Amino acid sequence: MRVDAPGELAALPPATQSTEKWQQIGEQISAFFAELPEYLGEFFSEYRRPLTTLGLILAGIITVKVTLAVLDALNDIPLLAPTFELVGIGYSAWFVYRYLLRASNRQELSEEFKALKSQVVGGDSNNS
């Protein structure tokens, strides 16, 4: 493929060399795809924990984004946002009435909270 004069065209290689190169490239690609499941299996078995952690983080991010999108769509519906506010105010009023007005109910709430804390954190929560 050498051009000696400005008006001359470069000579192309013979067609047999070109087809041989394509066959060689095709064989390499075929060998790669034949061994791909084995490579992926080894990769996954070696990096199982980080891949699982990464997958859970991505799933969490996607879940938060979808939840925020749904809440934003619900917020655009007329009269639905004020209805949710009324429900929230009603639940808050019930919670105050149920758990915060009397000392015995506050003690019950405190015990429930300690039980939940011991389930989540573990160990004995009476020492806290």
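Along the sequence shown, residues carry numbers from 1. The basis for the numbers below is simple: all heavy atoms, side chains too, and nothing from hydrogens, waters or symmetry mates. What you see is a predicted model; the values in this text were computed from it and never measured.
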Can you tell me how far apart [atom1] ([X]) and [atom2] ([Y]) are? Round to the nearest 0.5 Å.
X    : Y    : atom1 : atom2 : result
L56  : L51  : CG    : CG    : 11.0 Å
E111 : L109 : CD    : CG    : 10.0 Å
L71  : D76  : CG    : CG    : 11.0 Å
L74  : T83  : CG    : OG1   : 11.5 Å
S104 : Y99  : OG    : OH    : 12.0 Å
S45  : L40  : OG    : CG    : 10.5 Å

Hydrophobic clustering (ILVMFWY, side-chain heavy atoms < 4.5 Å, transitive) - are [Y] and [X] grouped together?
X   : Y   : answer
F95 : L86 : no
I89 : L80 : no
V64 : I61 : no

Ring centers of F43, Y39 separated by less than 6.0 Å
no

**Prompt:** Do W94 and Y91 make the cut of ring centroids closer than 6.0 angstrom?
**Reply:**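 Centroid distance W94-Y91: below 6.0 Å, so yes.
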
Looking at E35, I want to see if its CD is surrounded by more than 12 non-hydrogen atoms of other residues, nucleotides or ligands under 6.0 Å.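 Enclosed.
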
| query | Above 12 or not: heavy atoms from other molecules or residues under 6.0 Å from CD1 of I25? | reply |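 More than 12 within 6.0 Å, yes.
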
request  = Quick one: do E108 and R102 satisfy salt bridge (Lys or Arg N to Asp or Glu O under 4.0 Å)? Show the steps, please.
outcome  = CA-CA 10 Å; E108 177 187 345; R102 289 180 286 230; over 6 Å; no

Is a side-chain N or O of T52 found less than 3.5 angstrom from the main chain of R48, in a donor-acceptor match? yes

Could you tell me whether the side chain of N105 and the main chain of R98 form a donor-acceptor pair under 3.5 Å?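 Indeed, once roles are kept as given, a pair shorter than 3.5 Å links the two residues.
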
When every non-hydrogen atom of P37 is compared with those of A34, the smallest separation belongs to CD-O, 3.7 Å

If I compare all heavy atoms of R106 with all of L100, which pair ends up nearest, and what's the gap?
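Shortest heavy-atom separation between R106 and L100 comes out as NH1-O, 2.8 Å.
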
